[in-house]
Amino acid sequence: MTRLPLAFVMLAGLTGLAGCPDNEHDYKTWTKKLGDSKESERAVDRLDQIGNPNAIPALGEVWLDQGKPGRVLQVIIGLARPLTPAEAEANFKTDYVKSGRPASWEKALPFLNKALSEVDEDNPRSVDSAGKAAEALGDAQLGEGLDALIEFTSKPISKKIVSAQILAVKAIGKYTNDKNKAAAALVKIIDRDPPQNPRSAKSKEEGRALEEKFALYLGVSGAAINALGDLRVSTAAKPLAMSMYRTPELFVQIRRALVATGPSAKDDLVKILKGEHAEVNQLFKDKKLDKYCGDKGDAPPDQCQAVSAKDFYPAVVLGDFYDENTVDALLTALKRPPQAVYYMDDQPSPNTQHNAIFDALRKIGSPKAASTVYGIWSDKATDLNTKILAISAYPFLTRDGKGVAELGAIAADNKADDTLRQEAATAFARLSTDAGSLNVLEGLADKYFKASAEKRKEADGKPKAESDAADKLFEQQKKDLEKAKSDLIKLTNDKAKGAEEIKAATAAVKAKEDEFKAHKKKHKEATAPYKQLDAASKAYKGFARMFQTHIARIEIAIRCKQDIKCFAESLKLTPAQSSTNVAKYIKDIKDWTDDEKKALVEANVERAMLEIGKAGAKAADLTDTLLDAAKSDVRLVRQSVLLALPKVAKLPCANCESKLDAAIKAGEGKSTIGDLNLETQMLRNYFAGGKSPSAAPAEAPAEAPPAK
């Protein structure tokens, strides 16, 4: 090779040193390349990986220049978020593994605000960026960010930006450092008059248009209600109370928010029940909310129906406060005649305001209401439904056992309504402490066992023989039809068969199908007598088991007497132990199925929790035991624990929120206790009410049915 001059080699070396590549791990290396169309995308990725917040201003400029792409804004938000050392290590941000990374929201704030203020409703990417910016501002809780969120949520609701507006509303609810300002903005949202209800539409086309607009309104309003619940500001109580009537479709969310708001909400609710709430009274007068005049509101006045929404909604929520000082207002409302809460398609709601009032009294459990409720169910003039509701609530109120004998008499009365008898038997078992009462229940069980045996004997005679014969004949007829269909398929696939032959065979199968419909009808008629008798026999046996199961409620009261710890031990009982405990009272316990024995445990627990709840503060030491039991997915167990907890737990309760959050999580997705998971959440909000927010509440369950 030709040797190059030494000077040339040295010059080449110096030139090489001058052209050394930039440091790959320095954010400045990549901010320089953001403007290069070929390198820009890679530069954004590398800046994201490096994680240095000083890159935010350069990224922001590129975000503006490139039309606000969501990916770049997402990186800006990611760089602005704080990182703990553990988070830094998990995300390979090596520069921050030792000390973590502080938040840099101030650097991102100008761009987050622009994402909201300059949103292009016709550009889905811009709307998506607005949503991301809203979430980030909620986490940042910077004052200027709150102003931007408020301005954005003040825009008219539209289908194009509603998703981002809902995220912005949720973000406002995170501003716990400026709660009053945030709450005032949210109140303005829920104070908006709702658009026309789609049920009032006069045509399908109009209905569809109204439906979309109404759904958008509910989406934003519902988010604002939830956010107010998260903020827990006492000034939100009155607007939330008004919302019960403006948007009854959102009542479940309003209920949750009112309880989280704290004790101040009770004042408004009590005033409503007493008829002293000026704003609610005016709203009812202006909107005629005390009457249902058809879905379209066009029924003549003399055809309008009175509704009880004014009493129903506040009564439900007052029960969630467990305050005996509200009992007088509930009893005042109870004097008004029962009426449907709402109508839909001219059909009344399944419940009246009395359902809500009695349920609230049961939850509060105050003996102040016992005498009044006793008077209601013991009065022969009381209507059947109200009597049943009163009997159901009574055991949770009385402390002296008054009326036990009367309840036993109702349960034993063969002429009384079945539902009334069942409710009376349950109340009897929840109250009795007398071993002699067990004879009443065994006597009732024996009556139903005898009735069951009689129906079984009747069923297993001629009706069963005829049913078996009908089954056998019907099975053969079914096989004949299936064979005919199978033969037809083979025939149609046989190329040697002509069209006329296939046509004739098809007609024959069609005739057989018509004939089979007649066979099916005859089979149903022939088997009906046996099925009816068989079902009656099983139902009577079920009633007998129900009365026997009630024995477990009385057995534990006799065994534990007034020993609170003995009652608490019921939460550890096994079906075998419960069976042993009642063996001397239930003669055929050895014949019980496993599921039937489980019902004994549930009955033991229910009575035990009822007694613990009545003990009140004396049972405060059992708070943690009950909190742990609130996780149960056995319906009656969880229900009973939830009723007892607020009566024994001292306020403030240090770990009630966290343990009830765990119970809520344990119940997620379990349809059998869906409503009880809501009640668990309401109890959690009761313990949290008025305090600074801690853990976020779980998602809302299915909403209440719409009301007029």
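Computation of the quantities below employed the complete heavy-atom set of this structure, encompassing side-chain atoms and omitting hydrogens, waters and symmetry-equivalent molecules.
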So, are Glu679 and Arg255 salt-bridged, with charged N and O less than 4.0 Å apart?
-> yes
Would you please test Glu602 and Lys598 for salt bridge (Lys or Arg N to Asp or Glu O under 4.0 Å) and show each step?
-> CA-CA 7 Å; Glu602 295 173 27; Lys598 288 177 183 177; over 6 Å; no
The salt bridge (Lys or Arg N to Asp or Glu O under 4.0 Å) partner of Asp534 among Lys455, Arg456, Lys457 is Arg456
Does CD in Glu276 sit with more than 12 non-hydrogen atoms of other residues, nucleotides or ligands closer than 6.0 Å?
-> yes
Please determine, by modelled atom types, if Thr527 and Ser467 share a side-chain donor-acceptor pair under 3.5 angstrom.
-> no
Donor-acceptor pair between Arg635 and Thr672 side chains, under 3.5 angstrom = no
Hey, are Glu611 and Arg607 close enough for a salt bridge, meaning a charged N less than 4.0 Å from a carboxylate O?
-> yes
Answer yes if the side chains of Tyr530 and Glu458 hold a donor-acceptor pair under 3.5 Å, and no otherwise.
-> no
Ion pair present between Asp268 and Lys271, side-chain N to carboxylate O less than 4.0 angstrom?
-> no
Beyond-backbone contact of Met242 with His277, side-chain heavy atoms, under 4.5 angstrom = yes
Just wondering, more than 12 heavy atoms not from Asp594 lying within 6.0 Å of its CG?
-> no
Does a side-chain N-to-carboxylate-O contact under 4.0 Å join Arg336 and Asp311?
-> yes
Side-chain ion pair, Asp320 and Arg256, N-O less than 4.0 Å = no
Will you find, in the side chains of Ser578 and Asn604, an N or O donor that is under 3.5 Å from an N or O acceptor?
-> yes
Does NZ in Lys670 sit with more than 12 non-hydrogen atoms of other residues, nucleotides or ligands closer than 6.0 Å?
-> yes
Cationic tip of Lys402 above Tyr374 ring, under 6.0 Å, 45° of axis = yes
Between Lys650 and Asp621, is the closest basic N to carboxylate O distance under 4.0 Å?
-> no
Report the C-alpha distance between Tyr313 and Gln353 in whole Å, list the side-chain angles of each, state the deciding distance to 0.1 Å, and finish with yes or no for side chain to side chain contact (heavy atoms under 4.5 Å, CB included).
-> CA-CA 8 Å; Tyr313 295 121; Gln353 82 275 27; over 6 Å; no
In this structure, OG of Ser392 is separated from CZ of Arg362 (nearest 0.5 Å) by 4.0 Å
Taking the six-membered ring where the residue is Trp, are the ring centres of Tyr686 and Tyr322 under 6.0 Å apart?
-> yes
Is any side-chain heavy atom of Ser378 less than 4.5 Å from a side-chain heavy atom of Glu406?
-> yes
Does the ring center of Phe284 lie less than 6.0 Å from the ring center of Tyr245?
-> yes
Would the number of heavy atoms belonging to other residues, nucleotides or ligands and lying under 6.0 Å from OH of Tyr448 be above 12?
-> yes
Is it true that Lys310 and Asp290 have a side-chain N and a carboxylate O under 4.0 angstrom from each other?
-> no
N-O pairing of Asp588 and Arg545 below 4.0 Å = yes
With a 3.5 Å cut-off and no angle check, do the side chains of Asp383 and Asn385 form a donor-acceptor pair?
-> no
Interatomic distance, Leu645 atom CG to Lys659 atom NZ [nearest 0.5 angstrom] | 10.5 Å
Regarding Asp400 and Thr398, is there a side-chain donor-to-acceptor distance under 3.5 Å anywhere?
-> yes
Asp295 and Tyr343 side chains, donor-acceptor separation under 3.5 Å | no
Find the distance between CG (Leu444) and CZ (Phe547) and round it off to the nearest 0.5 Å.
-> 4.5 Å
Side-chain touch Glu442/Asp446, heavy atoms, less than 4.5 angstrom | yes
Separation between OG1 (Thr623) and CG (Asp628), nearest 0.5 Å, reads 11.0 Å
Side chain to side chain contact (heavy atoms under 4.5 Å, CB included) between Arg638 and Asn677, worked out | CA-CA 9 Å; Arg638 183 185 284 213; Asn677 224 29; 2.8 Å; yes
Could you walk me through whether Phe543 and Gln422 pass the side chain to side chain contact (heavy atoms under 4.5 Å, CB included) test, one step at a time?
-> CA-CA 9 Å; Phe543 279 122; Gln422 290 174 50; 3.1 Å; yes
Sorted by chain and residue number, the side chain to side chain contact (heavy atoms under 4.5 Å, CB included) partners of Ala568 (sequence neighbours excluded) come out as Ile612, Leu622
Lys387/Ile376 under side chain to side chain contact (heavy atoms under 4.5 Å, CB included): CA gap, chis, key distance, verdict | CA-CA 7 Å; Lys387 191 183 288 274; Ile376 291 171; over 6 Å; no
Relative to the ring of Tyr394, is the ring of Trp377 parallel (under 30°), tilted (30 to 60°) or perpendicular (over 60°)?
-> perpendicular
Please examine the side chains of Tyr292 and Asp346, heavy atoms only from C-beta on, and report whether any two atoms are closer than 4.5 Å.
-> yes
In this structure, are over 12 heavy atoms from other groups packed under 6.0 Å from Lys368 atom NZ?
-> yes
Can you find a side-chain donor-acceptor pair between Ser308 and Thr352 that sits under 3.5 Å?
-> no
Backbone of Ala309 reached by a side-chain donor or acceptor of Tyr342 within 3.5 Å | no
Measure the shortest side-chain to side-chain distance between Lys565 and Glu569 over non-hydrogen atoms and say whether it is less than 4.5 angstrom.
-> no
Side chains of Val307 and Phe312: does their closest heavy-atom pair fall under 4.5 Å?
-> no
Contact summary for Ala608 and Ile556, nearest pair of heavy atoms = CB-CD1, 4.0 Å
Would one find more than 12 heavy atoms of other residues, nucleotides or ligands at under 6.0 Å from atom NZ of Lys614?
-> yes
